[in-house]
Structure formats: structure tokens, C-alpha cells
Amino acid sequence: MSACPVPRSSYDAIVLGHGSGGRLSHDLVARVFGPSFSYDESFAVEDQAIVRIPGAGEIALTTDSFVVDPLFFPGGDIGKLSVFGTVNDLAVGGATPLSIAAAFILEEGFDIATLRLIAESMRTACDQTGVRLVTGDTKVVERGRGHGVFITTTGVGVRRPGVRLSATLARPGDRVIVSGTLGDHGIAVLAAREGIELETSLVSDLAPLTGLVDAMLVASTEIHSMRDPTRGGLSSALFEIANASKVGVVIHESKLPLKAEVRGACELLGFDPMYVANEGKLVAIVAPEAADAVLEAMRRHPLGKDAAIVGEVVGDHPGIVTSRSVIGGERIVALLAGEQLPRIC
């Protein structure tokens with residue numbers, strides 16, 4: 001496995017940890033992109049942006065790049081990942097996905113038949129989610145300058161009327177709900193990459209979240225925020241919400257849903273499952289009076305059958321996420337330092 005140096009306060013060159021979704025990713029935005037585009041610390045980092053179009057209402061816009069290794073993994077591939085990942089970023093912002101644009105960076109010598117499989121997988125994923133791939137671009141780099149194929153996608157959707165979801169809207173007393181078992185994607189990809197044999201067949205949780213989000217919003221409008229905890233896992237998603245809303249979050253370790261093989265792999269490798277990537281799960285911040293109704297609606301949906309309330313939002317320690325163990329101890333869940341699992345999405 002590739003390793004990332006222990007993070008310092010700053011770097012003069014990019015390291016793997018800058019792509020982790022954790023501390024170094026946030027530092028890169030704060031040091032480079034934020035100042036360059038005149039964003040200050042009050043700017044809320046969402047999975048998508050809501051853009052007002054004069055005379056046409058509000059649209060949701062998101063963009064993402066996919067560099068997964070291997071390109072084909074148990075439960076999915078880079079093509080399907082690029083479509084579902086983009087659709088999910090729109091869905092958790094309360095938008096109905098409509099269209100996708102895709103750019104392909106191809107390495108000289110990459111097999112055309114494999115590229116065709118990836119393209120067909122993307123088409124199937126588009127059909128499944130009801131979106132169209134409407135435009136794109138292709139560039140080729142010299143042999144040895146890439147890893148077969150990288151895909152960048154941009155998604156456009158329409159914001160649902162009356163729905164407002166934001167990392168800035170969490171309030172003390174809100175419940176933290178996850179839609180299912182954590183870490184399936186990260187561990188499945190790692191096992192395929194490194195040849196790790198698990199006791200049972202683990203596949204990525206890769207899936208489109210639009211139907212699940214629809215069911216949740218029908219159950220209640222008192223959902224304040226949603227995120228899909230991909231890079232950096234649950235910890236990064238909760239940190240971003242706690243930081244944007246100036247609240248604290250407390251997670252109960254005993255309530256986190258984990259598959260036995262994920263728990264075992266994390267114990268073996270020294271990973272914290274709260275940092276492992278997911279691609280078909282979401283975390284929702286829900287008003288306490290609506291939490292049970294939302295949880296019941298999630299559990300009736302195939303992608304939410306293992307949903308659980310795993311914590312709550314508190315007024316104490318704003319901007320900090322903590323985790324309570326089974327025996328009552330409490331620790332700070334810091335942002336991921338470095339890159340735990342590179343090239344995971």
C-alpha cells in the first residue's frame with residue numbers, strides 16, 4: 001500500500017494526503033483555493049452548489065474526479081462510480097439529478113475493449129438513475145503518465161421546491177442517522193487491490209441514493225443536512241457539518257452499523273471505520289421530533305434497511321466531533337491525518 005508522510009502544518013508540494021478528504025484536503029482549500037477565489041472561513045463546503053438562474057429558478061451543480069485503483073472492483077467499476085458518485089452529491093443536497101458531463105484522461109496504450117466496458121457501465125448507470133450524459137471531452141497522456149483512465153464528471157440537477165439542506169443548518173438536539181453499514185466500499189476496494197482474502201465476499205456499497213433521499217423527504221421536511229460520506233468517511237462529513245453549523249457532534253461507537261468483515265479488516269489493519277470511504281451511504285442530521293419517522297422510512301427502502309441513529313448534535317465543543325465508547329470513555333474524532341486509503345474513489 002502507498003503511504004503518506006505524517007502531516008505537517010504545511011507543504012511546498014502536493015502529497016497523497018491532499019486528496020484524502022481529511023485535514024490536508026481542508027488545508028489545501030484554506031491555503032490555496034479559498035484565497036484564490038475570494039472565499040473566507042465562513043464559506044460552507046457542500047457536496048454541491050445551488051445556483052440561481054434568472055428566470056429559471058435554482059439549479060444544483062457539482063463536479064468530481066475519479067481515480068480508483070483497481071478500475072474494476074467487487075460491486076462496481078470506475079464508470080459506474082463516476083455516475084453514481086455525481087448523482088449522489090446532487091441528491092444529498094435536495095436536488096433531482098438531470099444531466100452529466102464527463103471528461104476522460106486516457107493513457108496511451110490503454111485497452112479499447114476495457115474502455116468500452118467502462119463506457120457501457122456508465123450508460124447503464126445513467127439509465128438506472130434517470131440522467132443523461134450530454135457532453136464530454138477526451139485527452140490522452142503519454143504511456144506511463146497516467147493509470148489507464150481518470151474520469152471527471154459534472155452533474156446538473158434541479159433543487160426540489162421547499163427543500164433546503166445545508167451543512168450550516170444542524171442544531172443542538174438533532175439526531176445523526178446513517179443509512180447503513182459503514183466502510184464497505186473502502187475495504188472492498190482495498191481487498192481487491194492488495195489481494196486480501198476476507199472470510200466472506202465483501203462488495204462495495206456503490207449505489208444511487210436518489211430513491212432513498214426521496215423516501216426520507218416524503219417522511220419529513222425536518223431534515224437539516226445530508227452528506228454522502230465518501231473520502232474521509234463519516235468523520236470528515238460530520239466535521240464539515242459541525243464546523244459549518246458551529247455545533248458539536250457526539251457519536252456512540254456501539255451504534256455504528258458495521259459488517260463483520262469490515263470490523264475485522266479494520267482491527268487487523270489498524271483502521272478506524274469512521275474514516276473509511278463509502279459510496280452508497282448517507283448521513284443525515286434530523287430534528288429530534290422527526291428522527292423516528294425518517295428512520296422508519298429509511299428502513300423500508302432497500303438501501304436503508306440497516307439505518308441507525310448513531311449520535312446527536314450538541315451545543316458543547318462547537319466544531320468538534322467526539323465518539324463515546326461502549327464503556328463510556330469519550331475521544332475526539334479528529335480529521336483524517338494523511339491518506340489512509342489512497343486512490344479509493
task: Show your reasoning for whether side-chain contact (heavy atoms from CB on, under 4.5 Å) applies to Val163 and Leu217.
output: CA-CA 8 Å; Val163 174; Leu217 292 174; 4.3 Å; yes
query: For the side chain of Asp272 and the backbone of Met274, is there at least one donor-acceptor N/O pair under 3.5 Å apart?
result: yes
- prompt: Counting distance only, does the side-chain N/O of Ser204 pair as donor-acceptor with the main-chain N or O of Leu206 below 3.5 Å?
  reply: yes
message: For a quick test of reading the model, state the closest non-hydrogen atom pair linking Pro97 to Ala95 and the distance between them.
response: CD-O, 3.4 Å
field: Ala170 backbone acceptor or donor facing Ser245 side chain under 3.5 Å
entry: yes
message: Show every salt bridge (Lys or Arg N to Asp or Glu O under 4.0 Å) that has at least one partner inside residues 319-328, sequence neighbours left out.
response: Arg324-Glu330
- prompt: Closest approach of Val310 and Lys255, non-hydrogen atoms and distance?
  reply: CG1-O, 3.4 Å
- request: For the pair His252 (side chain) and Ser254 (backbone), establish whether a donor and an acceptor sit closer than 3.5 Å, ignoring hydrogens and angles.
  value: no
query: Which ring pair (Phe, Tyr, Trp, His ring centres under 6.0 Å) pairs, counting each pair once, include a residue from residues 157-189, with sequence neighbours left out?
result: Phe73-His185
query: Which is it for Thr322 and Val249 under the side-chain contact (heavy atoms from CB on, under 4.5 Å) test, yes or no, and what are the steps along the way?
result: CA-CA 6 Å; Thr322 64; Val249 176; over 6 Å; no
task: Please list all pairs passing the side-chain hydrogen bond (donor to acceptor under 3.5 Å, both in side chains) test where one or both residues lie in residues 76-86, with sequence neighbours left out.
output: Asp77-Ser121, Thr86-Thr153
message: So does Ala307 get a backbone contact from the side chain of Arg299, meaning a donor-acceptor N/O pair under 3.5 Å?
response: yes
Identify each donor-acceptor pair in which a side-chain atom of residues 135-142 lies under 3.5 Å from a protein atom, sequence neighbours left out, and give them as a table.
residue : atom : partner : partner atom : Å
Asp137  : OD1  : Lys139  : NZ           : 3.2
Asp137  : OD2  : Lys139  : NZ           : 2.5

- prompt: Quick check: does any side chain N or O of Glu46 sit under 3.5 Å from a backbone N or O of Ala167, one acting as donor and the other as acceptor?
  reply: yes
- line: With sequence neighbours left out, the residues meeting side-chain hydrogen bond (donor to acceptor under 3.5 Å, both in side chains) with Thr63 are Thr154
- request: Please report the shortest heavy-atom distance between Leu212 and Ser179, naming the atom on each side.
  value: CD2-CB, 3.8 Å
Output side-chain donor-acceptor pairs under 3.5 Å for residues 87-94, partner residues at least two apart or in another chain, one line each.
residue : atom : partner : partner atom : Å
Asn88   : OD1  : Leu209  : N            : 2.7
Asn88   : ND2  : Phe84   : O            : 3.3
Asn88   : ND2  : Ala207  : O            : 2.9
Asn88   : ND2  : Glu279  : O            : 3.4

message: Using a 6.0 Å cut-off, check whether atom CZ of Arg331 has over 12 heavy atoms from anything other than its own residue.
response: yes
task: Could you tell me whether a side-chain N or O of Arg132 sits under 3.5 Å from a main-chain N or O of Ser99, the two making a donor and an acceptor?
output: no
message: Is it true that Thr181 and Asp184 share a donor-acceptor pair across their side chains at a distance under 3.5 Å?
response: yes
task: Identify the heavy atoms of Asn278 and Gly183 that sit nearest to each other, and give their distance.
output: OD1-N, 2.6 Å
message: Holding to side-chain hydrogen bond (donor to acceptor under 3.5 Å, both in side chains), I want the full list of residues that pass it with Ser323, two or more places apart in sequence or in another chain.
response: Glu253
task: Walk me through it: do Ile332 and Ile320 pass the test side-chain contact (heavy atoms from CB on, under 4.5 Å)?
output: CA-CA 7 Å; Ile332 293 176; Ile320 295 175; 4.0 Å; yes
- request: Check for a donor-acceptor pair, side chain of Asp205 on one end and backbone N or O of Val203 on the other, with a separation under 3.5 Å.
  value: no
- prompt: Listed by chain and number, what are the side-chain hydrogen bond (donor to acceptor under 3.5 Å, both in side chains) partners of Arg175, not counting sequence neighbours?
  reply: none
query: Considering residues at least two apart in sequence or located in another chain, which fulfil the ring-ring contact (aromatic ring centres under 6.0 Å, His included) criterion with Phe110?
result: none
- line: Residue pairs passing the side-chain hydrogen bond (donor to acceptor under 3.5 Å, both in side chains) test with at least one member in residues 103-113, sequence neighbours excluded, are Asp111-Thr114
message: Quick test of your reading: applying side-chain hydrogen bond (donor to acceptor under 3.5 Å, both in side chains), list the pairs with at least one residue in residues 206-220, sequence neighbours left out, ordered by first then second residue.
response: Arg160-Asp214
- prompt: Could you give all pairs that pass the salt bridge (Lys or Arg N to Asp or Glu O under 4.0 Å) test and reach residues 218-230, with sequence neighbours left out?
  reply: Asp47-Arg227, Arg227-Glu240
field: Backbone N/O of Ile344 and side chain of Arg231: donor-acceptor pair under 3.5 Å
entry: no
task: Return yes if some donor-acceptor pair links the side-chain N/O of Thr152 with the main-chain N/O of Ser65 below 3.5 Å, else return no.
output: no
